[in-house]
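Atoms considered below: every heavy atom in the structure, side chains included; atoms not considered: hydrogens, waters and symmetry mates. The residues of the chain are indexed from 1 along the displayed sequence. As the structure lists them, so they are numbered: ligands from 1, and atoms in each ligand from 1.
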Amino acid sequence: MNRVFSGIKPSGEVQLGNYLGALQNWVSMQDESDAVYCVVDLHALTVPHDADELRSSTLSLAQMLMAVGLDPERCILFVQSHVQEHAECAWLMECTAAFGELRRMTQFKDKSTGNEFVSAGLFTYPALQAADILLYDTNQVPVGEDQRQHIELTRDIAIRFNSRFGDTFTVPEAVIPPSGARVMDLQHPDRKMSKSEESPQGTILILDPPEVIEKKIKRAVTDSNDEVFFDVEKKPGVSNLLSILGAATGKTPKEACDGITRYGDLKNATAEAVIELLRPVQEKYYTLADDPAETSRLIAKGAEKAREVASTTLSRARQNIGLLNL
Ligand code: TYM
């Protein structure tokens with residue numbers, strides 16, 4: 001059966017880009033495939049953080065993943081640090097990845113530039129991500145466009161490991177949606193919508209109340225003249241709204257354009273589609289948030305199931321790379 005794996009960091013709140021670029025695909029792939037999804041808390045340690053906040057974001061992100069439609073009966077849902085194989089396999093990946101390859105990662109450049117403290121973990125982050133993916137004999141990795149380079153690197157590491165030490169890892173491929181793969185900030189359509197608190201008016205959070213969503217979309221930066229068509233270069237703001245509308249209604253951005261001629265209509269249609277998309281997610285999230293003990297029970301079970309798969313792959317990798325087994 002086709003194995004799917006993906007992860008999301010518990011840093012900041014979940015925003016619309018996460019949902020449209022990745023989580024929607026996670027949900028649809030859980031039925032067609034053997035899917036494994038992970039809250040990647042070890043990745044959140046690569047930047048300065050508050051310990052208590054990380055613990056509570058990890059639990060609430062697991063609840064959010066269930067609220068968007070992941071069902072622990074139909075997929076494996078777990079927290080990365082609960083399966084210790086990830087950290088061990090990451091070391092094997094660090095020793096297989098080249099320094100120059102890691103230095104070329106654009107996410108490292110973006111996240112390290114201008115910061116006083118840059119952890120070594122931020123630099124080796126993609127090696128841990130490769131471990132996450134390769135431990136599960138993954139065929140497909142549903143992600144947004146910004147993760148494409150990390151998945152390419154994961155493929156290169158798997159191919160190199162296999163050629164040096166014999167067939168060990170499955171070589172995965174990225175699955176990127178036709179709409180919503182790169183949701184841009186509503187106030188700065190030249191930059192990606194992100195969890196960071198830098199642009200609260202440009203970021204739609206999954207838990208934003210309907211009136212807040214409506215206000216943010218109505219105030220979204222559009223481009224000069226009132227024509228609606230999809231062209232990311234000429235019309236970045238309008239094209240972003242068309243991508244959001246498309247991803248929220250199961251259409252391509254060009255199809256979403258059909259019948260819409262004015263900015264006001266585009267904003268109304270987009271706000272309505274996003275509000276309707278998120279309404280059931282918000283309702284379910286608040287119900288789940290009332291029962292943290294049940295969430296903990298479910299993710300503990302998820303970790304058990306994940307460990308079974310990860311430990312088999314790690315044993316094979318340990319053996320092939322030359323570690324002594326007793
Ligand atoms: P993270 O936590 O930043 O984001 C989770 C997922 O959301 C997607 N995404 C977006 N998609 C479209 N538009 C946006 N504005 C947007 N912002 C975020 C991301 O592409 C991602 O799919 N390194 C990963 C986490 C990770 C991982 C893995 C992913 C760790 N191990 C193994 C896949 C497989 C990250 O930081 O995602």
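Proximity of Gly180 to ligand 1 is established by a heavy-atom distance of less than 4.0 Å. Close to ligand 1: Tyr125, with a non-hydrogen atom less than 4.0 angstrom away. Note on ligand 1: Gln15 sits in its first shell, one or more heavy atoms being nearer than 4.0 Å.
At a 3.5 angstrom cut-off on N or O pairs, Ala22 does not count as close to ligand 1. Among the atoms of Ile133, none of the N or O lies under 3.5 angstrom from an N or O of ligand 1.
Taking the charged nitrogens against the carboxylate oxygens, Lys305 and Glu308 have no contact shorter than 4.0 Å, which rules out a salt bridge. Of the charged side-chain nitrogens involved, none lies within less than 4.0 Å of a carboxylate oxygen, so that Glu227 and Lys234 do not count as a salt-bridged pair. Of the charged side-chain nitrogens involved, at least one lies within less than 4.0 Å of a carboxylate oxygen, so that Arg148 and Glu145 count as a salt-bridged pair.
Protein heavy atom in closest approach to atom 37 (O) of ligand 1: Gln147 NE2, 3.9 Å. Counting only heavy atoms of the protein, atom 25 (C) of ligand 1 lies nearest to Gly7 O, 3.6 Å. For atom 9 (N) of ligand 1, the closest non-hydrogen atom of the protein is Asn18 ND2, 3.8 Å. The single protein non-hydrogen atom nearest to atom 31 (N) of ligand 1 is Asp132 OD2, 2.7 Å, given as residue, atom name and distance. Among all protein heavy atoms, the one lying closest to atom 14 (C) of ligand 1 is Gly17 CA, 3.6 Å.
Between Lys235 and Asn225, the side chains place a donor N or O and an acceptor N or O closer than 3.5 Å (distance only, hydrogens not considered). Between the side chains of Asn325 and Gln319, at least one donor N or O lies within less than 3.5 Å of an accepting N or O. Counted by atom type alone, Thr168 and Asn320 present one or more donor-acceptor pairs between their side chains at under 3.5 Å.
Of the residues Asp146, Asp110, Asp185, the one that meets the salt bridge (charged side-chain N to carboxylate O under 4.0 Å, His left out) test with Lys192 is Asp146.
Under 4.0 Å from ligand 1, heavy atoms of Val143 appear from its side chain as well as its backbone. Residue Ser11 does not touch ligand 1, judged by heavy-atom distances below 4.0 Å. At a 4.0 Å heavy-atom cut-off, ligand 1 does not touch Ile151 at all.
Annotation: His86 is in aromatic contact with Tyr136 [ring centroid separation under 6.0 Å].
In terms of modelled atom types and a separation under 3.5 Å, the side chain of Asn240 and the main chain of Gly237 share no donor-acceptor contact.
Closest heavy-atom approach to atom 13 (N) of ligand 1 within the set Val4, Val40, Val175, Val183: this belongs to Val183. The option from Gln129, Lys111, Lys9 that lies nearest to atom 27 (C) of ligand 1, judged by heavy atoms, is Gln129.
The atoms of ligand 1 that sit less than 4.0 Å from any heavy atom of Gly144 are 11 (N), 19 (C), 20 (O), 22 (O). Residue-ligand proximity, Asp146 to ligand 1, at heavy-atom distances under 4.0 Å covers atoms 19 (C), 20 (O). The distance from ligand 1 to the heavy atoms of Gly21 drops below 4.0 Å at these ligand atoms: 11 (N), 12 (C). Of all atoms in ligand 1, listed by their number and element, those nearer than 4.0 Å to a heavy atom of His43 are 30 (C), 31 (N). Ligand 1 places these atoms under 4.0 Å from at least one heavy atom of Ala181: 11 (N), 12 (C), 13 (N). Listed by number with element, the atoms of ligand 1 under 4.0 Å from a non-hydrogen atom of Arg182 are 12 (C), 13 (N). Listed by number with element, the atoms of ligand 1 under 4.0 angstrom from any heavy atom of Val141 are 33 (C), 34 (C).
Under the 4.5 Å side-chain heavy-atom criterion for grouping Ile, Leu, Val, Met, Phe, Trp and Tyr, Tyr19 is connected to Leu245 within one hydrophobic cluster.
Between Ser33 and Arg3 there is no side-chain heavy-atom pair separated by less than 4.5 Å.
Relative orientation of the His43 and Tyr125 rings is perpendicular, given thresholds of 30° and 60° on the angle between their planes.
Around atom CD of Gln84, no more than 12 heavy atoms belonging to other residues, nucleotides or ligands sit under 6.0 Å away.
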